[in-house]
Amino acid sequence: MGVVVNIYEDSVCSGLVSSQICVDSDGESAWVLVDDGVEYVEEMMAIISCVRGIIEGIEYRDCKYKKDRLNYFGKAVLSAVKIDSKGVIEYFNGNLISPYLRIFDDARDKLKGDVDLWLSVIYDGFCDVQAYRAVGEFVKCVRESVDEPDFKKYMKNNWRARMKSLASVRHFMDSLCGQVSSLQVVRLKLGYGSKFLHSSGVNYEVVSVKRDFSRFVKGVSGRYGKESCFGYVWKLGFSSGRYLSYDFFLFLDGSKFIDGSLVAAELGELWRDIVTMGGGTCLSYNEHANCSKVGLFGVGGERTLRVQNLYFDLYSLVKLDSLIKPNLIGIGRTFGRSGIRGGF
């Protein structure tokens with residue numbers, strides 16, 4: 001599983017794992033945790049990395065030898081095929097997941113139909129030639145699937161939606177940086193404690209989550225107003241297993257707000273104590289002194305680099321929807337932003 005991720009590193013896939021880090025609370029105390037569901041996320045990462053590598057034509061054969069042998073990527077594919085893809089799909093059942101998982105699962109099922117080849121997958125070193133054949137058959141099945149019209153249509157529509165969101169982010173950041181000399185960036189992850197979720201039912205209604213966030217935004221607007229707040233960006237996604245959470249970026253006047261961690265603490269209280277009445281949780285990225293993507297953005301070359309890093313974070317969040325996203329058909333978007341200068 002880890003081998004595939006290492007040979008086909010993708011910051012967006014890594015971002016999906018880091019998104020599982022959250023703050024939990026029993027209503028009295030809070031702590032940082034990583035949910036057990038992160039194992040399924042890591043397996044999904046490995047599957048997607050494997051399929052993407054195959055689609056992009058990464059060679060699985062070791063061309064240095066005349067015999068049929070697997071290279072590093074080929075061995076990684078062989079390792080990935082051992083993942084219980086049906087278990088991963090079932091864990092995220094009801095949500096919109098990448099078609100790469102279905103393609104992987106279908107190819108895996110076809111491979112299981114050949115007993116000899118499947119044994120070479122299950123048992124390491126069972127037979128080098130058979131393992132080579134197994135990977136070859138798996139790669140062939142994957143490539144045939146991605147040539148299907150439905151898959152191409154899905155990927156095209158997904159690309160259009162992602163480009164639209166990315167263009168919106170780029171326009172927002174360019175407009176903001178062109179108008180502001182000193183910028184304070186506050187980033188939060190807004191979620192819910194396990195005690196609250198269990199008392200409210202396993203799946204807290206999406207409508208209720210969006211209502212809570214709307215109340216939070218109104219509270220932010222009331223506290224900071226147009227003179228101090230330049231705008232915000234939000235992304236609805238998953239953390240702590242299958243539960244919904246918001247990544248929230250707030251952009252303030254840096255000449256008025258020097259310490260972003262104090263603002264983050266105030267907003268955390270707003271979310272926990274007022275909006276969710278003790279049921280919410282809030283993780284502040286501004287409390288990490290070595291984080292270069294939030295905090296006070298001054299002027300000069302350092303500012304340019306930090307803006308680029310911040311944009312990359314926003315870009316990665318937008319791309320997460322291509323892996324997995326809440327099923328919000330008929331309800332709304334998973335990404336949005338305000339206008340510049342208090343367009344709440």
Side-chain angles (χ1 to χ4, degrees), residues 11-12 15 19 157-190 210 213-237 245-264 266-267 270-271 282 284-286 288 291-322 325 328 332-344:
S11 61
V12 177
S19 72
N157 291 339
N158 184 278
W159 180 83
R160 285 177 175 173
R162 190 166 69 245
M163 289 301 103
K164 183 177 180 181
S165 295
L166 292 176
S168 178
V169 169
R170 173 61 76 182
H171 174 73
F172 179 87
M173 292 299 299
D174 289 347
S175 299
L176 193 62
C177 294
Q179 298 179 27
V180 181
S181 59
S182 183
L183 185 67
Q184 177 65 250
V185 181
V186 178
R187 181 181 179 183
L188 306 171
K189 180 178 284 293
L190 308 171
K210 293 176 75 68
F213 184 68
S214 179
R215 291 181 58 202
F216 173 77
V217 169
K218 289 180 180 178
V220 173
S221 177
R223 291 192 179 203
Y224 301 104
K226 295 182 179 181
E227 295 302 318
S228 301
C229 181
F230 298 130
Y232 64 89
V233 173
W234 60 267
K235 172 72 175 65
L236 176 62
S245 66
Y246 277 94
D247 277 281
F248 182 73
F249 295 78
L250 182 66
F251 302 90
L252 300 171
D253 187 341
S255 65
K256 298 179 180 179
F257 299 93
I258 304 299
D259 192 345
S261 61
L262 293 178
V263 177
E266 290 179 0
L267 295 180
L270 171 64
W271 174 257
C282 178
S284 166
Y285 287 74
N286 293 71
H288 302 283
C291 184
S292 63
K293 301 172 185 178
V294 295
L296 189 64
F297 284 42
V299 295
E302 181 183 356
R303 171 191 170 99
T304 301
L305 177 61
R306 294 183 69 187
V307 168
Q308 290 175 347
N309 289 337
L310 176 59
Y311 175 75
F312 185 76
D313 262 11
L314 293 169
Y315 170 83
S316 298
L317 282 174
V318 170
K319 285 198 70 177
L320 288 181
D321 279 352
S322 65
K325 63 184 292 187
L328 301 178
R333 299 171 297 157
T334 58
F335 172 83
R337 65 173 179 84
S338 70
I340 304 295
R341 284 274 181 188
F344 287 91

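- Considering all non-hydrogen atoms of both residues, L252 and V186 come closest at CD1-CG2, 4.5 Å.
- Ring to ring, F248 and Y232 are close: their centroids are under 6.0 angstrom apart.
- Closest approach of S228 to F257, counting heavy atoms only: CB-CE1, 3.6 Å.
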- Message: Let's go through R160 and N157 carefully: what are the C-alpha distance in whole Å and the side-chain angles of both, what is the deciding distance for side-chain contact (heavy atoms from CB on, under 4.5 Å) to 0.1 Å, and is it a yes or a no?
- Response: CA-CA 5 Å; R160 285 177 175 173; N157 291 339; 4.2 Å; yes
- Message: Go through it in stages, so that I can follow the logic: the residues are K164 and S168, the test is side-chain contact (heavy atoms from CB on, under 4.5 Å), and I'd like the CA-CA distance, side-chain angles, deciding distance and then a yes or no.
- Response: CA-CA 6 Å; K164 183 177 180 181; S168 178; over 6 Å; no
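- The CZ atom of F335 sits 13.0 Å away from the CZ atom of R162 when rounded to the nearest 0.5 Å.
- Residues K218 and F213 are not in side-chain contact: their nearest non-hydrogen atoms beyond the backbone lie 4.5 Å or more apart.
- S338 is listed as a side-chain neighbour of F172, based on a closest heavy-atom distance under 4.5 Å.
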- Would you check, one step at a time, whether the test side-chain contact (heavy atoms from CB on, under 4.5 Å) holds for D247 with Y285? CA-CA 10 Å; D247 277 281; Y285 287 74; 4.0 Å; yes
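- At a threshold of 4.5 Å between non-hydrogen side-chain atoms, the residues H171 and R337 count as touching.
- Looking at heavy atoms from C-beta onward, V263 lies out of side-chain contact with D259 at the 4.5 angstrom threshold.
- A heavy-atom distance below 4.5 Å is not found between the side chains of W234 and F249.
- Using a 4.5 Å cut-off on side-chain heavy atoms (C-beta onward), M173 and F251 make contact.
- Nearest heavy atom pair, residue L250 against residue C229, reads CD1-SG, 3.5 Å.
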- Residue pair S245, L190: steps toward the side-chain contact (heavy atoms from CB on, under 4.5 Å) verdict: CA-CA 6 Å; S245 66; L190 308 171; over 6 Å; no
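- I258 approaches Q184 most closely through the heavy-atom pair O-NE2, 3.0 Å.
- Looking at every heavy atom in both residues, S284 comes nearest to A264 through OG-CB, 3.2 Å.
- Heavy-atom minimum distance, S255 versus D253: OG-OD1, 2.6 Å.
- In summary, of the residues considered (T334, L236, L188), a side chain to side chain contact (heavy atoms under 4.5 Å, CB included) with Y246 occurs for L236 alone.
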